[in-house]
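Take a look at the structure set out below.
Numbers restart at 1 for each chain; the letters A, B, ... are given by sequence-line order, proteins then strands. All of these numbers come straight from a predicted model, not from anything done at the bench.
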Amino acid sequence: MVKLASWNVNSIKARLPILRDWLESFAPDVVMLQELKCQTEAFPLLEVESLGYHAAVVGQKTYNGVAILSKAPIEDVIERLPGEPEDAQSRYVEGTTFGLRVGAIYLPNGNPVASEKFSYKLDWMAHLRDHAAALLGTEQPLVLGGDYNVIPEPEDCHDPKAWEGDALYRPETRAAFRRLLNLGYVDAFRALHNEPHAYTFWDYQRGAWQNDLGIRIDHLLLSPQAADRLTASGIDREPRGREKASDHTPIWCEVEQ
DNA sequence: ATGGTTGCCTCGCAA
């Protein structure tokens with residue numbers, strides 16, 4: 001069994017105490033991290049290695065930044081989304097570990113919609129789709145996980161009306177996410193859970209966590225060969241309730257070896 | 001319609 005997780009930590013430095021506790025207690029084999037908000041050289045590599053993990057890190061000062069942690073070596077790492085070779089933003093890292101091809105994704109937020117940020121998001125999603133399609137051709141078990149900044153369906157938020165017009169819920173955004181699924185990828189959470197209002201992100205503001213006013217925007221997408229082996233999935237709400245929490249909480253799945 | 005919060009790092013920007 002391989003236990004994989006994804007977590008937008010909203011600053012690796014600010015989250016290090018919670019991350020350390022969670023790695024020890026939850027003990028995932030593979031973790032996809034987003035929003036490191038630090039340069040690659042500033043990543044706490046020794047700390048992570050002392051907890052028993054290898055790491056592939058693509059950092060950036062102040063913004064973005066992604067990593068894969070794994071209890072096994074990570075091979076054949078790529079640090080950019082193919083098709084976005086000159087992307088100045090660190091939003092993608094991919095490698096092979098435990099016999100799985102794993103991609104860690106921090107998809108652009110895209111707000112405000114009436115700006116170039118939204119077209120950047122849609123372009124990025126088109127490139128992700130192209131790459132995800134190419135990967136399927138390899139017939140490997142694939143896990144593309146991360147903060148997609150996409151609310152797939154109305155039941156993935158508390159109040160769809162409140163999200164109308166937002167880049168996370170725009171029809172173009174949801175269609176682009178469906179185009180990814182339509183290639184043959186499976187949402188590891190939705191494949192095994194049909195309950196609505198299961199969230200992965202709660203805003204720091206307006207008591208969103210206390211009132212469970214969240215959104216489900218972090219996803220683990222599995223290729224058919226990985227989905228065949230899916231045995232469990234879930235959302236670990238525990239870290240979101242802690243002091244100095246990230247605004248996201250970890251999602252996870254288990255696949256048979 | 002606005003503001004509320006966090007993290008960066010420098011007092012504004014992104015989320």
Side-chain angles (χ1 to χ4, degrees), chain A residues 6-22 32-45 47-48 57-67 81 84 87-92 104-125 128 145-152 156-170 172-174 176-177 199-219 235 237-251:
Chain A
S6 173
W7 190 7
N8 178 324
V9 291
N10 186 19
S11 167
I12 186 87
K13 279 179 242 171
R15 223 60 61 208
L16 198 50
I18 296 183
L19 176 65
R20 189 192 297 114
D21 288 353
W22 180 76
M32 290 146 264
L33 297 176
Q34 303 87 35
E35 280 210 86
L36 303 177
K37 293 188 172 180
C38 77
Q39 290 174 301
T40 304
E41 315 79 69
F43 184 86
L45 189 59
E47 185 103 34
V48 162
V57 180
V58 181
Q60 182 183 330
K61 186 179 153 86
T62 310
Y63 304 115
N64 311 314
V66 288
L81 183 63
E84 293 271 350
D87 191 356
Q89 304 187 17
S90 299
R91 296 183 174 277
Y92 192 80
I105 290 163
Y106 179 46
L107 210 142
N109 176 296
N111 280 306
V113 166
S115 75
E116 67 293 335
K117 290 183 180 179
F118 190 52
S119 50
Y120 172 68
K121 175 177 195 160
L122 295 178
D123 288 347
W124 209 95
M125 293 185 84
L128 177 60
D147 177 359
Y148 279 77
N149 270 313
V150 177
I151 302 167
D156 294 316
C157 62
H158 171 256
D159 180 10
K161 272 215 173 316
W163 289 94
E164 251 173 38
D166 192 283
L168 279 60
Y169 192 63
R170 279 284 294 241
E172 302 94 314
T173 305
R174 295 176 57 200
F177 188 74
Y199 305 133
T200 67
F201 167 92
W202 298 258
D203 202 290
Y204 285 127
Q205 304 180 63
R206 291 160 286 186
W209 167 249
Q210 290 75 11
N211 297 297
D212 197 26
L213 305 179
I215 49 179
R216 193 174 72 93
I217 56 173
D218 299 86
H219 309 292
I235 300 168
R237 293 167 62 101
E238 190 276 334
R240 183 62 181 82
R242 296 189 53 158
E243 289 292 314
K244 295 278 289 174
S246 169
D247 39 8
H248 295 251
T249 215
I251 57 171

Determine whether A:W209 and A:D247 satisfy the following criterion, side chain to side chain contact (heavy atoms under 4.5 Å, CB included), listing intermediate values before the conclusion.
CA-CA 9 Å; A:W209 167 249; A:D247 39 8; over 6 Å; no

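- Put simply, CG on A:L107 is 17 Å from P on B:dA14, counting in whole angstrom units.
- With P as the reference atom, B:dA1 and B:dG7 are 31 Å apart, rounded to whole Å.
- Straight-line distance from the CG atom of A:D203 to the P atom of B:dT6: 10 Å, rounded to whole Å.
- Look at CZ on A:R240: it is 17 Å from P on B:dA15, rounded to the nearest Å.
- As judged by a 4.0 angstrom heavy-atom cut-off over every strand, A:F201 is placed among residues making no nucleic acid contact.
- Separating the CG atom in A:N211 from the NE2 atom in A:H158 is a distance of 8.5 Å, to the nearest 0.5 Å.
- Rounded to whole Å, the separation between the P atoms of B:dT2 and B:dT6 comes to 23 Å.
- Nucleotide B:dC13 holds its C1' atom 14 Å from the CD atom of A:E116, rounded to whole Å.
- The distance between atom CD of A:E35 and atom C1' of B:dT6, rounded to the nearest whole Å, is 11 Å.
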I'd like a list of close polar pairs between nucleotides 9-12 of chain B and the protein, N/O only, cut-off under 3.5 Å.
residue : atom : partner : partner atom : Å
B:dC9   : OP1  : A:T62   : OG1          : 3.3

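- Comparing the same atom, P, in B:dT5 and in B:dC9 gives a spacing of 22 Å after rounding to whole Å.
- In this structure, A:I12 places its CD1 atom 14 Å from P of B:dG7, rounding to the nearest Å.
- Here B:dT6 presents its C1' atom at 8 Å from NZ of A:K244, a figure rounded to the nearest Å.
- For A:Y204, taking side-chain heavy atoms from C-beta onward, the closest of the listed nucleotides B:dT6, B:dA15, B:dC8 is B:dT6.
- Between A:R15 and the phosphate of B:dG7, there is a side-chain N or O to OP1/OP2 separation shorter than 4.0 Å.
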Please write out the pairs of protein N or O atoms and N or O atoms of nucleotides 1-4 of chain B separated by less than 3.5 Å, giving the distance to one decimal.
residue : atom : partner : partner atom : Å
B:dG4   : N9   : A:Q205  : OE1          : 2.8
B:dG4   : N7   : A:Q205  : OE1          : 3.3
B:dG4   : N2   : A:R206  : NH1          : 3.2
B:dG4   : N3   : A:Q205  : OE1          : 2.9

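- Not one N or O on the side chain of A:S6 forms a donor-acceptor pair closer than 3.5 Å with the backbone of A:I251.
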Quick one, A:N111 with A:K117, criterion side chain to side chain donor-acceptor pair (under 3.5 Å). Give me CA distance, side-chain angles, the key distance, then yes/no. CA-CA 6 Å; A:N111 280 306; A:K117 290 183 180 179; over 6 Å; no

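- A:Y92 places a side-chain heavy atom less than 4.5 Å from the side chain of A:I105.
- Here the CG-OH distance, from A:L107 to A:Y120, works out to 9.0 Å after rounding to the nearest 0.5 Å.
- Checking side-chain atoms of A:R240 against main-chain N and O of A:W202 turns up a donor-acceptor pair under 3.5 Å.
- With sequence neighbours excluded, the residues forming a ring pair (Phe, Tyr, Trp, His ring centres under 6.0 Å) with A:F177 are A:Y148, A:H219, listed by chain and number.
- The structure places OG1 of A:T62 at 8.0 Å from CD of A:Q39, a figure rounded to the nearest 0.5 Å.
- If you take CG on A:L33 and CG on A:D147, they are separated by 12.0 Å, rounding to the nearest 0.5 Å.
- Rounded to whole Å, the distance from CG on A:N8 to C1' on B:dG7 is 12 Å.
- Toward the 5' end of DNA chain B, the nearer of the two residues A:K117 and A:A14, judged by each one's closest nucleotide, is A:A14.
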